[in-house]
Amino acid sequence: MKKLLLLLFIGIVGIGNAQNVNIPDANFKAYLVGNTAINTNGDAEIQVSEAAAISGEIDCNGLNISDLTGIEAFTALTYLYCGGNQLTSFDVTQNTALEFLQCSGNQLTSLDVTQNTALEELNCWSNQLTSLDVTQNTALIRLHCNDNQLTSLDVTQNTALTELRCDYNQLTSFDVSQNTALSWLRCGGNQLTSFDVSQNTALIDLGCDYNQLTSLDVSQ
């Protein structure tokens with residue numbers, strides 16, 4: 001009987017532990033546990049139910065975080081600020097409600113936002129990205145991906161874009177013919193030899209210096 005009770009107790013503890021979000025990074029966990037809007041019961045863990053209930057923002061900018069594991073439990077999260085940390089990668093494929101993502105100033109070599117179709121603003125500048133797929137992010141209004149190592153960037157599906165910064169990458173060609181809502185564009189510091197803005201009639205601010213352009217028609 002005692003053995004049965006012991007096994008039952010262990011099972012209950014196991015179930016309780018399974019309800020906690022796995023957050024291996026001590027700095028990230030300290031931020032979440034110390035945030036009373038997130039850690040509503042005031043214990044030393046973040047429960048799955050607490051994470052799922054957050055529909056607002058997480059702002060963990062500049063907290064020396066190297067691992068964002070646990071963010072996937074915040075499935076209703078709409079704003080995520082995690083810039084100025086030491087992240088090399090993180091997973092937001094489960095955060096399908098995200099509308100704003102700021103992850104600049106890290107050491108990211110990859111970033112998958114293909115599942116974040118509600119995303120309206122993406123700031124991923126000053127990382128080490130060699131590719132970035134935003135073809136599924138048709139709601140994007142602002143995209144800042146400057147100061148990376150991108151060799152190509154397809155924004156033909158992002159027809160809602162009004163602001164685009166992709167300067168200081170390694171782009172050799174660039175098509176903005178579908179981005180007719182663009183009013184602000186920075187694409188300097190690349191390797192562009194030609195560039196067509198004839199369809200961008202809403203454009204009022206253009207920076208394309210430090211390329212290899214021999215001509216540029218902005219007569220519209």
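Just so it is clear, the model here is predicted, and its values are computed rather than measured.
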- Message: For D25 and T69, which I'm curious about, is there any donor-acceptor pair between the side chains at under 3.5 Å?
- Response: no
| query | Quick one: do Y31 and V21 end up in the same hydrophobic cluster if we chain Ile, Leu, Val, Met, Phe, Trp and Tyr together by side-chain heavy atoms under 4.5 Å apart? | reply | yes
With distance as the sole test, does S183 use its side chain to make a donor-acceptor pair with the main-chain N or O of T162 at under 3.5 Å? yes
Between the CD atom in Q199 and the CG atom in L182, the distance rounded to the nearest 0.5 Å is 12.0 Å
Backbone of Q102 reached by a side-chain donor or acceptor of N123 within 3.5 Å:
no
On a heavy-atom basis, the closest approach of N127 and G105 is ND2-N, 4.0 Å
- Would you check if L80 and N95 make a side-chain contact, meaning some heavy-atom pair closer than 4.5 Å? no
Check your understanding: Is the backbone of N64 close enough, under 3.5 Å, to the side chain of N27 for a donor and an acceptor to pair up by distance?
Key -> yes
Specify whether Y79 and F100 have parallel, tilted or perpendicular ring planes, treating 30° as the upper limit for parallel and 60° as the lower limit for perpendicular. parallel
Self-check item: Side chain proximity check, F74 to I58, heavy atoms < 4.5 angstrom
Solution: yes
Hydrophobic cluster membership, I65 vs V92, 4.5 Å side-chain cutoff = yes
query: With side chains defined as the heavy atoms from C-beta onward, is the minimum distance between D112 and D91 less than 4.5 Å?
result: no
Report task. Consider only side-chain heavy atoms of I, L, V, M, F, W and Y, link residues closer than 4.5 Å, and tell whether L122 and W125 are in one cluster. Result -> no
- Any chance you could lay out the side-chain contact (heavy atoms from CB on, under 4.5 Å) test for Q212 and Q191, step after step, and finish with the verdict? CA-CA 6 Å; Q212 300 173 31; Q191 300 172 29; 3.9 Å; yes
(message) Ignoring hydrogens and geometry beyond distance, is a side-chain donor-acceptor pair present between H144 and E163 at under 3.5 Å?
(response) yes
- prompt: Are P24 and N22 side-chain neighbours, meaning at least one heavy-atom pair lies under 4.5 Å?
  reply: yes
Tightest non-hydrogen contact, residues T159 and A181, listed as O-CB, 4.0 Å
| message | Do L87 and L68 have side chains that approach each other closer than 4.5 Å (heavy atoms only, starting at C-beta)? | response | yes
Under a plain distance cut-off of 3.5 Å, with no hydrogens placed, do Q107 and T109 share a side-chain donor-acceptor pair? no
When rounded to the nearest 0.5 Å, the distance separating CD1 of I204 from OG1 of T201 is 12.0 Å
The reported gap from CD1 in I141 to CD in E121 (rounded to nearest 0.5 angstrom) is 8.5 Å
Problem - L77 backbone acceptor or donor facing S55 side chain under 3.5 Å - result: no
| said: Looking at C124, is its backbone amide N or carbonyl O close enough to the side chain of N148 to form a donor-acceptor pair, meaning the two atoms are under 3.5 Å apart? | reply: yes
CG of N190 to OG1 of T172, rounded to nearest 0.5 Å, is 9.0 Å
query = Are L108 and Y81 connected in a single hydrophobic cluster, I mean Ile/Leu/Val/Met/Phe/Trp/Tyr linked by side-chain heavy atoms less than 4.5 Å apart?
reply = no
Requested in this report: On the 0 to 90° scale, with breaks at 30° and 60°, tag the Y168-Y210 ring pair as parallel, tilted or perpendicular.
Outcome: tilted
_I want to check something: taking the side chain as every heavy atom from C-beta on, are F174 and N211 in contact at a cut-off of under 4.5 Å?_
no
Looking only at heavy atoms, the pair that brings C208 and C187 closest together is CB-SG, 3.7 Å
When rounded to the nearest 0.5 Å, the distance separating CD of Q115 from OG1 of T96 is 8.5 Å
So, the side chain of N61 versus the backbone of G83: is there a donor-acceptor pair under 3.5 Å, distance only?
yes
Does any non-hydrogen side-chain atom of C145 lie less than 4.5 Å from one of L129? no
For the backbone of N41 and the side chain of E50, can you confirm whether one donor and one acceptor N or O come within less than 3.5 Å of each other?
yes
Tightest non-hydrogen contact, residues I46 and L32, listed as CD1-O, 3.7 Å
Checking D167, D147, D205 against R186 for salt bridge (charged side-chain N to carboxylate O under 4.0 Å, His left out), the one that qualifies is D205
Nearest heavy-atom contact between C82 and C60 is CB-SG, 3.8 Å
Exercise for the section: Answer yes if L150 and V176 sit in the same cluster of Ile, Leu, Val, Met, Phe, Trp and Tyr residues linked by side chain heavy atoms under 4.5 Å apart, and no otherwise. Expected result: yes
Does some side-chain heavy atom of L140 sit less than 4.5 Å from a side-chain heavy atom of V134? yes
dist T93:OG1 -> I71:CD1 (nearest 0.5 Å) comes out at 11.5 Å
Heavy atoms of L171 and C166 approach each other most closely as CD1-SG, 4.0 Å
